[in-house]
Amino acid sequence: MTITTHEPLTVTLGSSGVTPEDVLAVARHGAQITISQEALDNVAKVRAHIDELAVSDTPAYGISTGFGALANRHIPNELRTQLQKSLIRSHAAGMGPAVEREVVRGIMFLRAKTMASGRTGVRREVLETFVKVLNAGITPLVREFGSLGCSGDLAPLSHCALVVMGEGEAFGPDGELYGVEGRPTVAELLAQHGIEPVTLAEKEGLALVNGTEGMLGMLLMAIADLRMLLTTADITAALSVEALLGTDQVFLPELHAALRPHPGQAASADNMLRVLSNSPIVASHRVGDSRVQDAYSLRCAPQVAGAVRDTVTHAELVASRELAAAIDNPVVLPDGRVSSNGNFHGAPVAYVLDFLAIAVADLSSIAERRTDRMLDPARSHGLPAFLADDPGVDSGLMIAQYTQAGLVSDNKRLAVPASVDSIPSSAMQEDHVSMGWHAARKLRKAVENLRRVLAVELVTSTRAIDIRTKLSDGELTPGPAGAAVLEVLREVVQGPGTDRFLSPELEAADRLVGSGAVRAAAESAVGILA
């Protein structure tokens, strides 16, 4: 697969290989998709083999039989089209709010990737229709609940497949919802874009729903978000160290990779050391400071953030393997065999989704501890209570820390693993499931919470630094990285002063963190950070 980075962004889908960047380009940035002729030819070749099996007297699972617990029933030719329709309609049984557009686009693109592999046995027009729907900006309405993360993300994928059939519910490129009472149908929406609905043939119903695309797509997006947030977390942690008159000496390289060779720890320590470099605040207390060591939330920041980095690296390995997979049941092997299997089980993906949620909760927790320390005059080394302009009259950032604590508490609940649960389904045929979809959904929320937690730490640490500068008559200023971050933050968040409506400022800081602007500002001063 190749990406053309000029506008409009395009992705070419072949028979093998996708990258996380490909998925993000389609899911988040609306990249247009083309299918290589090689992939189309391969799909057609495999489909010809399926057509031969469909007319054979020997039953073949998913081709001339029912599905799941009904796999023992042979389906006559005249009922097979109805079988495919019935499968998709019955399995599109999701409930709850609509999931995000980027998630649905990721699901559809990843399933198109699997179809393009030639291992599913679909006709080329099914693959082409999936791609046309994506290129038109049409987004099936996929609901929150319905997948158990086994036999694939069945309900979410079925809601997507139903739209390709011209049924169900979908959002047009303008965000208008089709397929509900009082609105045009999905078939009419497809027609507006010159797309002919697909009538599914043998094998194709299963081929559209038997995959881990939902949980995998959300894993890839979480990894991308965390890679940016992890660097931002190192920056906000360093600014908190600066604001609390902490030492930078615990971040020296000889204390990390040489003594404890965890690569993530070394990377985070290096980031923090660079952010604190050439800081007059840090230099002001290198000599004559009576403190022996800083609190764990400062001193151990690289150990915690670094462990999160290494967990993300492991998740990337699992995601890369899943991206290389062609998951279907039954699957068409290169030698022509159509074989039942269990590759749709989401355990490998579910586990790392849960691992990441645990790591995210801990990173959120240590950031909140630093914020609380800056607001407490008993521990902040000379800062006013709650960083208020006039403590007692003003409350400063007191309730911002409440908000942060609430987010951290939510992340602790979200860290409870989903993958340890299993509820049997399909008349006990599917008697052990992964719950990977649920692991992915809660990880998305946890990452969102982490971003907000870091925004509160950013607002707190920069206000504390500004107060240090003011109290010292301008002598104690931040280092170049801190100054650069302050400059970009002050464009949307005011500095210290009397109490004001705080929520808009916290929301603005959240948007700044999410945009990557905090990382970019620090890098403008000290170079590329890990």
Side-chain angles (χ1 to χ4, degrees), residues 23 27 67-69 87-115 120 130 139-164 168-170 205-222 318-319 322-323 325 327-329 341-354 356-357 414 416-447:
V23 179
F67 312 117
L87 173 72
I88 300 303
R89 289 168 178 166
S90 64
H91 284 43
M95 294 183 70
V99 302
E100 303 82 1
R101 183 175 187 266
E102 67 177 19
V103 172
V104 179
R105 287 184 62 83
I107 290 172
M108 294 193 71
F109 175 66
L110 286 167
R111 200 59 199 162
K113 178 269 300 183
T114 300
M115 285 188 275
T120 68
F130 253 68
T139 306
L141 193 161
V142 173
R143 299 190 179 275
E144 180 83 23
F145 297 98
S147 174
L148 300 182
C150 198
S151 289
D153 288 313
L154 287 173
L157 283 160
S158 295
H159 280 273
C160 295
L162 200 60
V163 168
V164 175
E169 302 164 319
L206 279 179
L208 297 186
V209 302
N210 242 320
T212 59
E213 282 78 11
M215 62 187 94
L216 175 59
M218 286 186 275
L219 173 61
L220 291 169
M221 285 181 253
V318 173
E322 197 73 359
L323 275 173
I327 294 174
D328 197 11
N329 182 47
N341 66 89
N343 286 337
F344 48 71
H345 199 289
V349 182
Y351 292 164
V352 294
L353 288 162
D354 280 334
L356 287 174
L414 293 168
V416 176
S419 57
V420 299
D421 190 23
S422 177
I423 298 179
S425 56
S426 192
M428 291 298 288
Q429 179 73 6
E430 299 167 13
D431 59 351
H432 184 273
V433 296
S434 78
M435 294 296 180
W437 172 270
H438 292 268
R441 294 304 297 163
K442 67 186 184 65
L443 177 60
R444 281 181 69 84
K445 177 66 173 174
V447 172

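Atom set for the values below is all heavy atoms of this structure, side chains included, hydrogens, waters and symmetry mates excluded.
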- Task: Can you sort out the partners of A319 under side chain to side chain contact (heavy atoms under 4.5 Å, CB included), two or more places apart, ordered by chain and number?
- Result: L216, L219, L220, I223
- Work out which heavy atom in W437 is nearest to a heavy atom in G214; give both atom names and the distance. CZ3-CA, 3.8 Å
- Query: With sequence neighbours excluded, what pairs up with E144 under the salt bridge (Lys or Arg N to Asp or Glu O under 4.0 Å) test?
  - Reply: R441
- Rounded distance (nearest 0.5 Å) linking atom CZ of R444 with atom CD of E102: 4.5 Å
- Message: If I compare all heavy atoms of L206 with all of D328, which pair ends up nearest, and what's the gap?
- Response: O-OD1, 3.5 Å
- Message: Just to verify, what does S158 make a side chain to side chain donor-acceptor pair (under 3.5 Å) with, not counting sequence neighbours?
- Response: none
- Note on the structure: So CZ of F130 and CZ of R111: to nearest 0.5 Å the spacing works out to 8.0 Å
- Specify the closest pair of heavy atoms between G436 and A350, including all atoms of both residues, with the distance to one decimal. CA-CB, 3.5 Å
- Item | Least distance between heavy atoms, C160 atom then V142 atom | SG-CG2, 3.8 Å
- For R105, the salt bridge (Lys or Arg N to Asp or Glu O under 4.0 Å) test, sequence neighbours excluded, returns none
- Message: I want to check something: taking the side chain as every heavy atom from C-beta on, are V164 and I88 in contact at a cut-off of under 4.5 Å?
- Response: no
- Calculate, to the nearest 0.5 Å, the distance between atoms CG and CG belonging to L157 and L208 respectively. 8.5 Å
- Query: What is the minimum heavy-atom distance between G149 and M215, and which atoms define it?
  - Reply: CA-CE, 3.4 Å
- Task: Calculate, to the nearest 0.5 Å, the distance between atoms CG and CG belonging to L414 and L443 respectively.
- Result: 9.0 Å
- Message: Is it the case that the side chain of N329 and the backbone of N341 share a donor-acceptor pair, with hydrogens and angles ignored and the cut-off at 3.5 Å?
- Response: yes
- Query: For T212, which residues count as a side chain to side chain donor-acceptor pair (under 3.5 Å) partner, sequence neighbours excluded?
  - Reply: E322
- Note on the structure: Sorted by chain and residue number, the side chain to side chain donor-acceptor pair (under 3.5 Å) partners of T114 (sequence neighbours excluded) come out as E213
- Kindly compute the distance separating OG (S147) from NE2 (H438), expressed to the nearest 0.5 Å. 6.5 Å
- Task: May I have the step-by-step check of side chain to side chain contact (heavy atoms under 4.5 Å, CB included) for H159 and D153, ending in yes or no?
- Result: CA-CA 10 Å; H159 280 273; D153 288 313; over 6 Å; no
- Message: Under the rule for side chain to side chain contact (heavy atoms under 4.5 Å, CB included), what residues qualify as partners of R143, not counting sequence neighbours?
- Response: L141, E169
- Could you list all the salt bridge (charged side-chain N to carboxylate O under 4.0 Å, His left out) pairs where at least one residue sits in residues 87-99, not counting sequence neighbours? R89-E167
- First locate atom CD1 of I423, then atom NE2 of H432, and finally report the distance between them rounded to the nearest 0.5 Å. 11.5 Å
- Identify the two heavy atoms, one from A439 and one from A418, that lie closest to each other, and give their separation to 0.1 Å. N-CB, 3.7 Å
- Report the residues that fulfil side chain to side chain contact (heavy atoms under 4.5 Å, CB included) with C150, sequence neighbours left out, ordered by chain and then residue number. F344, H345, V433
- With sequence neighbours excluded, tell me which residues meet side chain to side chain contact (heavy atoms under 4.5 Å, CB included) with A93. none
- Message: Going by the rule salt bridge (Lys or Arg N to Asp or Glu O under 4.0 Å), which residues pair with D354 if we only count those two or more places apart in sequence or in a different chain?
- Response: K442
- Side chains of P156 and V99 in contact at under 4.5 Å (non-hydrogen atoms): no
